[in-house]
K.L.:
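Next up is a structure, given as structure tokens.
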There are 2 protein chains.
Amino acid sequence: MGVTIKDVAKAANVSPSTVSRVVKDSPRISQETKKRVRQAMRELGYHPNAMAQSLTSKNTGNIGIMLPRPNDEEFNHPFFPEALRGISAVLRTHDRDILFSPAGNEVEERRALQRMVLSGKVDGVVLLSSRISDELITWLYSINFPFVVIGNPRPLGLERICWVDNDNVEIGRMITQYLIDKGYEDIGIITGDLRFVVNIDRLEGYKQAMEAAGKSTNRAYMAEADVWEDGGYNAMLRILRNGKPSAIVTVDDLFAIGAIRACRDRGYSIPYDIGIIGVNNIGVDQYLMPPLTSVEIYAYELGKTAAELLLKRIEIGPEYSDCVIIHGRLVERASC
Amino acid sequence: MGVTIKDVAKAANVSPSTVSRVVKDSPRISQETKKRVRQAMRELGYHPNAMAQSLTSKNTGNIGIMLPRPNDEEFNHPFFPEALRGISAVLRTHDRDILFSPAGNEVEERRALQRMVLSGKVDGVVLLSSRISDELITWLYSINFPFVVIGNPRPLGLERICWVDNDNVEIGRMITQYLIDKGYEDIGIITGDLRFVVNIDRLEGYKQAMEAAGKSTNRAYMAEADVWEDGGYNAMLRILRNGKPSAIVTVDDLFAIGAIRACRDRGYSIPYDIGIIGVNNIGVDQYLMPPLTSVEIYAYELGKTAAELLLKRIEIGPEYSDCVIIHGRLVERASC
DNA sequence: CTGTTAGCGCCTTCAG
DNA sequence: CTGAAGGCGCTAACAG
């Protein structure tokens with residue numbers, strides 16, 4: 001606190017600009033003076049003021065992260081920390097920090113993003129999970145600000161946008177097909193909020209697989225769950241009020257966990273009476289009774305790739321864009 | 001990008017300072033001109049540049065957050081998002097953002113913190129979980145920088161430092177006593193990394209309860225676990241190689257989850273052959289088989305309180321300090 | 001109530 | 001290879 005570039009300059013008997021150049025390790029400063037300046041910096045305990053640096057250099061070294069919903073909900077899903085871990089891993093090697101703007105609802109979220117971006121606090125943004133026709137995406141796109149989305153920006157029809165995602169239609173298909181192959185007859189589904197592309201896609205995959213197998217989907221066995229375990233629990237209860245499916249596809253392990261308990265509460269045993277399958281392969285899956293069959297979606301990779309794309313986009317500019325698909329992998333356990 | 005305070009000033013026919021005052025809603029500007037200026041701001045799409053603001057005003061609006069270990073591990077513990085949620089909740093109402101500096105190990109972590117603080121990117125820092133004789137704490141303290149720790153800064157002997165914590169000795173005592181009261185005879189313990197105060201304290205509580213009950217602690221039934229489920233699993237296996245305790249205290253639910261599986265793999269049934277108790281009351285506890293008895297530690301409250309203390313410390317200055325103890329609450333389920 | 005004047009700490013031409 | 005000068009966008013006295 002307090003020692004500035006001028007102080008160093010004086011101490012090293014050079015001009016401030018020279019010190020500035022030494023900080024950036026400019027090649028056009030002699031080793032001699034570099035040494036002397038560095039010495040002075042160390043002795044005085046000099047640290048460049050980040051704010052002043054960004055003010056002139058026009059970049060902050062910060063990457064903003066936006067969560068997709070009321071933060072309270074998202075924080076508690078294991079996907080978030082995994083993706084964050086991937087993002088961190090790459091930002092770490094680029095000396096960039098992560099800026100996160102707390103928001104409690106969609107409106108606040110929008111404001112938060114705008115503030116972050118317009119006030120110049122970040123050089124780029126990663127959007128975790130996309131809503132259908134996401135207005136944040138269109139906005140960022142329209143002002144030409146560097147961003148990447150983890151999730152599919154469909155159906156925006158915007159070219160040149162960076163994103164990473166699983167093939168969620170494929171995942172939906174895969175798990176449904178798995179149940180079909182296992183001989184399950186009446187297969188229902190528990191989806192999440194259908195304003196999110198990920199849920200739409202997994203549902204679509206389910207439908208495709210059912211159709212391909214010549215099975216008709218039964219609305220009585222389809223439910224949209226509220227958040228997490230309790231949501232899955234209630235959704236399952238609703239389905240069971242309509243009858244007894246032989247198996248249930250859930251679009252998320254947390255739903256599956258709730259659904260399993262609902263089944264048990266109603267006296268059904270898993271997988272004998274009802275088979276259950278989830279997606280995400282969260283840490284506890286293997287510790288559940290029965291261990292939950294699920295799909296590894298590589299959240300860490302998703303985050304890592306997102307960060308890489310974003311960094312490139314920032315460096316290269318608006319003419320750069322790319323998208324990456326990461327395929328899921330079925331993890332067989334004992335729940336179906 | 002690009003419209004500055006001067007542009008607004010021109011458009012509204014006032015001086016830049018007036019615009020600045022309008023932004024801060026200074027009481028000494030007439031409603032008249034405020035209106036005119038705001039109009040101009042809107043029309044031009046003006047947003048104050050945060051970097052320039054911080055440069056002059058000497059505060060950034062950012063709070064730094066430091067995780068306690070190689071981030072990779074900590075991110076995956078449910079405690080982290082819960083605490084973060086609490087922190088966010090209060091920062092949100094103060095228009096402050098959260099800054100994370102990704103770090104992969106203790107050295108990077110230290111550097112990251114120093115950079116954050118010394119380069120003036122944050123106005124304050126919250127340290128999640130404290131190491132014994134934590135050097136980050138002593139450093140921040142020595143330079144008089146606002147910070148708060150979630151965890152106990154013991155045994156630093158520093159007065160005037162802000163912290164929030166559970167009473168972890170009490171928690172250790174509570175769960176051990178609970179097992180004793182249930183009639184368990186040979187009670188072992190699985191602790192975590194003993195460089196962390198939280199683990200030391202919970203172990204201490206265990207010892208106190210054992211002693212108070214006239215029981216001797218048996219080293220053969222005590223193990224220190226590596227991270228999370230697998231750590232708990234392996235620790236339990238080690239214990240079982242030494243014999244069969246009647247119950248195990250674990251200092252963390254994730255250890256408990258692993259331990260349960262280890263018991264099961266060895267043919268023991270929970271709670272009949274071996275009782276298990278955990279701490280943290282993480283979301284899945286109630287969905288495990290058997291549902292895990294645990295201690296609610298109120299991670300959300302911990303985070304919330306930490307943020308509140310920090311904000312006060314920032315506002316009031318170094319003469320302010322406070323600490324808060326949040327008591328745990330036993331949540332009885334079926335694992336012991 | 002409003003404008004003028006100096007910076008905040010650093011970077012970046014432009015000279016030399 | 002290095003220094004001087006000007007400015008990034010905003011704020012904070014100090015005038016008036």
Side-chain angles (χ1 to χ4, degrees), chain A residues 1-41 44-62 95 115-123, chain B residues 1-41 44-62 95 115-123:
Chain A
M1 283 283 114
V3 28
T4 83
I5 206 171
K6 283 184 186 167
D7 301 325
V8 179
K10 247 164 231 159
N13 236 312
V14 293
S15 79
S17 6
T18 301
V19 178
S20 172
R21 287 179 186 118
V22 173
V23 169
K24 310 185 62 195
D25 200 19
S26 158
R28 15 182 260 179
I29 298 286
S30 73
Q31 286 309 117
E32 251 328 281
T33 47
K34 270 189 188 173
K35 205 163 225 164
R36 210 168 68 250
V37 171
R38 293 220 172 91
Q39 174 72 10
M41 296 200 298
L44 299 185
Y46 170 71
H47 279 260
N49 179 310
M51 296 306 158
Q53 280 180 314
S54 345
L55 187 57
T56 44
S57 73
K58 253 69 183 103
N59 63 26
T60 63
N62 299 332
D95 272 318
R115 209 169 39 73
M116 252 189 188
V117 169
L118 263 10
S119 73
K121 289 187 94 165
V122 293
D123 303 330
Chain B
M1 279 288 113
V3 28
T4 81
I5 206 171
K6 284 184 185 167
D7 301 325
V8 179
K10 248 163 230 158
N13 235 310
V14 293
S15 78
S17 9
T18 301
V19 178
S20 172
R21 286 177 188 121
V22 173
V23 170
K24 309 184 62 193
D25 201 18
S26 158
R28 18 182 255 176
I29 298 286
S30 73
Q31 288 307 117
E32 250 329 279
T33 46
K34 268 189 190 173
K35 206 164 224 166
R36 210 168 67 250
V37 172
R38 293 219 171 93
Q39 174 72 10
M41 298 200 295
L44 298 184
Y46 169 72
H47 279 260
N49 179 309
M51 297 305 157
Q53 281 180 314
S54 333
L55 187 57
T56 43
S57 72
K58 252 76 182 91
N59 62 28
T60 64
N62 300 333
D95 272 318
R115 209 169 39 74
M116 253 190 188
V117 169
L118 263 10
S119 72
K121 288 186 96 165
V122 294
D123 302 330

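As the structure is a computational prediction, the values presented were derived from the model and not from experiment. We use all heavy atoms of the structure for the numbers below, so side chains are in, but hydrogens, waters and symmetry mates are not. Convention: sequence-line order gives letters A, B, ...; per-chain numbering from 1.
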K.L.:
With nearest nucleotides of DNA chain D determined for A/S15 and B/V23 from heavy-atom distances, which residue corresponds to the more 5′ nucleotide?
P.N.:
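Per heavy-atom nearest nucleotide, the more 5' residue is A/S15.
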K.L.:
State whether the side chain of B/S119 and the backbone N or O of B/R115 hold a donor-acceptor pair below 3.5 Å, judged by distance alone.
P.N.:
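Yes, the answer is positive, given that a donor and an acceptor are paired below the 3.5 Å cut-off.
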K.L.:
From NZ of A/K6 over to C1' of D/dG3, roughly how many Å is that when rounded to an integer?
P.N.:
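Answer to the nearest Å: 14 Å.
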K.L.:
Would you say C/dC8 has OP1 or OP2 under 4.0 Å from some side-chain N or O of A/T4?
P.N.:
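For A/T4, the contact criterion (side-chain N or O under 4.0 Å from OP1 or OP2 of C/dC8) is not met.
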K.L.:
Polar atom pairs between nucleotides 12-16 of chain D and protein, under 3.5 Å, N or O only, would you list them?
P.N.:
residue	atom	partner	partner atom	Å
D/dA13	N6	B/R21	NH2	2.9

K.L.:
Has the side chain of B/D25 got a donor or acceptor atom that lies under 3.5 Å from a matching backbone atom of B/V22?
P.N.:
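It does not hold such a pair.
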K.L.:
Need one value for B/V14: base, sugar-phosphate or nothing, where a base atom within 4.0 Å counts as base even if backbone is also close, heavy atoms only.
P.N.:
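The answer is sugar-phosphate, as B/V14 gets under 4.0 Å only of primed atoms, P, OP1 or OP2.
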K.L.:
Below the 4.0 Å mark, does C/dC11 have OP1 or OP2 next to a side-chain nitrogen or oxygen of A/K58?
P.N.:
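Looking at the OP1 and OP2 atoms of C/dC11, neither is under 4.0 Å from any side-chain N or O of A/K58.
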K.L.:
If we ignore angles and hydrogens, is there a donor and acceptor under 3.5 Å between the side chains of A/S17 and A/S20?
P.N.:
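Per modelled atom types, A/S17 and A/S20 side chains form no pair under 3.5 Å.
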K.L.:
Give the intermediate values and the outcome of side-chain contact (heavy atoms from CB on, under 4.5 Å) for residues B/M51 and A/T60.
P.N.:
CA-CA 8 Å; B/M51 297 305 157; A/T60 63; 3.5 Å; yes
K.L.:
Answer yes if the side chains of B/T33 and B/S30 hold a donor-acceptor pair under 3.5 Å, and no otherwise.
P.N.:
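Per modelled atom types, B/T33 and B/S30 side chains form a pair under 3.5 Å.
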K.L.:
Just how far, in rounded Å, is P of C/dC10 from CG of B/N49?
P.N.:
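Rounding to the nearest Å, CG of B/N49 and P of C/dC10 are 17 Å apart.
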K.L.:
For the pair made of CD1 in B/I5 and C1' in C/dT2, what is the distance, rounded to whole Å?
P.N.:
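From B/I5 CD1 to C/dT2 C1': 14 Å.
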K.L.:
Between B/T33 and C/dT2, is there a contact of a side-chain N or O with OP1 or OP2 at under 4.0 Å?
P.N.:
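Result: yes.
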K.L.:
Atom CG of A/L55 and atom P of D/dG6: how far apart are they, to the nearest Å?
P.N.:
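Checked: the CG to P distance equals 18 Å.
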K.L.:
Taking atom P of D/dC10 as reference, at what distance in whole Å does atom NZ of B/K10 sit?
P.N.:
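Going from NZ in B/K10 over to P in D/dC10 covers 13 Å.
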K.L.:
Determine: side-chain N/O of A/Q53 to OP1/OP2 of C/dG9, distance under 4.0 Å, yes or no.
P.N.:
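So the side-chain polar atoms of A/Q53 never come under 4.0 Å of the phosphate oxygens OP1 or OP2 of C/dG9.
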K.L.:
Distance check needed: C/dC11 P versus A/M51 CE, whole Å only.
P.N.:
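Atom-to-atom, A/M51 to C/dC11, this comes out as 14 Å.
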K.L.:
Using 0.5 Å steps for rounding, measure from the NZ atom of B/K34 to the CZ atom of B/R36.
P.N.:
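If I round to the nearest 0.5 Å, the distance is 13.5 Å.
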K.L.:
What integer distance in Å separates B/D25:CG from C/dC1:P?
P.N.:
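In whole Å, C/dC1 P and B/D25 CG are 13 Å from each other.
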K.L.:
Tell me the interatomic distance from B/N59, atom CG, to C/dC8, atom P, rounded to whole angstroms.
P.N.:
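Rounding to the nearest Å, CG of B/N59 and P of C/dC8 are 17 Å apart.
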K.L.:
Is there a donor-acceptor pair closer than 3.5 Å between any side-chain N or O of B/N59 and the backbone N or O of B/D123?
P.N.:
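Side chain of B/N59 to backbone of B/D123, a donor-acceptor pair under 3.5 Å: no, none is there.
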K.L.:
When the nearest nucleotide of DNA chain C is assigned to B/N13 and to A/H47 on a heavy-atom basis, which residue is associated with the more 5' position?
P.N.:
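The residue mapped nearer the 5' terminus is B/N13.
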